[in-house]
Undergrad: 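Got a structure for you, questions after.
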Number of protein chains: 2
Amino acid sequence: MHPIGFESHDHRHCIAEGVSAAEARCAEEGLQFTPVRRRVLEILLEQHRAMGAYDILEVLRAEGLGSQPPVAYRALDFLVSHGFAHRIERLNAFTACAYPGADHAPAFLICRLCRTVAEASAAPRAQLDKAAAEAGFLIERAVIEAEGLCPDCRNAA
Amino acid sequence: MHPIGFESHDHRHCIAEGVSAAEARCAEEGLQFTPVRRRVLEILLEQHRAMGAYDILEVLRAEGLGSQPPVAYRALDFLVSHGFAHRIERLNAFTACAYPGADHAPAFLICRLCRTVAEASAAPRAQLDKAAAEAGFLIERAVIEAEGLCPDCRNAA
DNA sequence: AGAGGCGATGTTATACTATATCAACCCCGA
DNA sequence: TCGGGGTTGATATAGTATAACATCGCCTCT
């Protein structure tokens, strides 16, 4: 995986790609890709942005797919635990995975203005593994998140 | 700064060191190192652990230093914004800075069993800067947190 | 001394994020 | 037909964080 940026691109493609990758993996592994789960993934894929659980819940509610917090959190837990989405700790929010299927240890670049999220190189993770090894620490999960300005918002400012 | 570990050490020293470093910096910069702020820093320094704002508030309350959430949050905001403490996003918690005074971009190693927090090497940050530069992204703040098992808890398990 | 400003604190209320719990349902296989 | 596993529905509550406004103490300027 190489650093990806904030280039514009055919976004229908992202959505179709993301959903069908998830569909395929669920079929393979005998997981249930239910309507709520599918819809939550679509909502996340519609933007390369971080969305709060309650933002998503609002959409679900408007569409009659569920109206209580656990509905959103369950779907998000499913997506995150199977690698179809990521949790952004810094924002207590969620974003669709940009590399569905790839076994990866993502680092995120989060724009504080437009909330766009990009998945960057795994190099920082390699360095973190090295530092941990030296300290005798066993990493089970790593959070690497940079917050700042994306190219577009830099230019606008 | 080099990777630090989980070695045992003279802990009185940590506390005295941390408090006096903060005291000195506040004097230099004309900041008010008030009783609540000092006490919160001490509480954090008493353990190399992440503590939630409400954990801290409980202690303050028991000591008559304040009983409402804003009291704790204000003190923590002060400490974090001046580099005397760090926020651990992964845990929604706080820990005293292990290198008071050093201008640093910390990476944390967080034990999920004992909640001990170590500040590790800055190398991952350098890699993150590199990835961001390639993407045209301007980093304003970075969160690098690894969660797992510290040497002691690994041995115990 | 008095007026005004500033930062810190006290207090109340509320917003936002997340999970526990239990009941109901559905599909599938024994 | 029965039972089990996983999903969903619904209520309640836990945990984290901030808005807003009043007050106070201290410093400074006049």
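Note that these values count all heavy atoms, side chains included, but never hydrogens, waters or copies made by symmetry. Note that this is a predicted model, so its numbers are computed, not measured.
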Undergrad: Name the residue closer to the 5' end of DNA chain C, choosing between B:Thr34 and A:Phe94 according to the nucleotide with the nearest heavy atom.
TA: B:Thr34

Undergrad: Kindly say whether the aromatic ring centers of B:His86 and B:Phe94 come within a distance under 6.0 Å.
TA: no

Undergrad: Would you call B:Glu147 and B:Arg115 a salt bridge, using N to O less than 4.0 angstrom?
TA: no

Undergrad: Among D:dA10, D:dG9, D:dA19, find the nucleotide with the atom closest to the side chain of A:Val71.
TA: D:dG9

Undergrad: Rounding to a whole Å, what distance do you find between B:Asp55:CG and D:dA14:C1'?
TA: 14 Å

Undergrad: To the nearest Å, how far apart are B:Asp77 CG and D:dT16 P?
TA: 16 Å

Undergrad: More 5' along DNA chain D: A:Pro69 or A:Arg74, using each one's nearest nucleotide?
TA: A:Arg74

Undergrad: So does A:Arg37 get a side-chain nitrogen or oxygen closer than 4.0 Å to the phosphate oxygens (OP1/OP2) of D:dT7?
TA: yes

Undergrad: Give the rounded distance in Å between these two atoms: CG of A:Leu31 and P of D:dG5.
TA: 17 Å

Undergrad: Grab the two heavy atoms, one from A:Leu41 and one from A:Leu79, that are nearest each other, plus how far apart they are.
TA: N-CD1, 3.7 Å

Undergrad: NE2 of A:His82 versus C1' of D:dT7: gap in Å, rounded?
TA: 13 Å

Undergrad: What is the distance, rounded to the nearest whole Å, between atom CD of A:Glu29 and atom P of D:dG6?
TA: 15 Å

Undergrad: Considering only heavy atoms of chain A and a distance under 4.0 Å, specify the first and last nucleotide of DNA chain C in 5' to 3' order that meet this criterion.
TA: C:dT17 to C:dT21

Undergrad: Could you tell me whether the phosphate oxygens of D:dG9, OP1 or OP2, come under 4.0 Å of any side-chain nitrogen or oxygen in A:Arg61?
TA: no

Undergrad: What is the distance from CD1 of B:Ile88 to P of D:dA17, rounded to the nearest Å?
TA: 12 Å

Undergrad: On the nucleotide D:dG9, are OP1 or OP2 found under 4.0 Å from the side-chain N or O atoms that A:Ser67 carries?
TA: no

Undergrad: For D:dG15 and B:Tyr54 - does any side-chain N or O of the residue sit under 4.0 Å from the phosphate oxygens OP1/OP2?
TA: no

Undergrad: OP1 or OP2 of D:dT16 sitting under 4.0 Å from any side-chain N/O of A:Asn92?
TA: no

Undergrad: Using modelled atom types only, decide if a donor and an acceptor are shared between the side chain of A:Arg125 and the backbone of A:Ala107 within a distance under 3.5 Å.
TA: no

Undergrad: For B:Arg87 and B:Asn92: C-alpha separation, side-chain torsions, deciding distance, then whether side-chain contact (heavy atoms from CB on, under 4.5 Å) applies.
TA: CA-CA 7 Å; B:Arg87 178 178 167 84; B:Asn92 294 329; 3.1 Å; yes

Undergrad: Expressed in angstrom and rounded to an integer, what is the separation of B:Gln68 atom CD from D:dT16 atom P?
TA: 17 Å

Undergrad: What I'd like to find out is whether the side chain of A:Arg37 reaches to under 4.5 Å of the side chain of A:Gln32, using heavy atoms alone.
TA: yes

Undergrad: Return the minimal non-hydrogen interatomic distance between B:Phe84 and B:Cys26, and the atom names on each side.
TA: CE1-SG, 3.9 Å

Undergrad: Rounded to the nearest Å, what distance is computed from the CE atom of residue B:Met51 to the P atom of nucleotide D:dG15?
TA: 15 Å

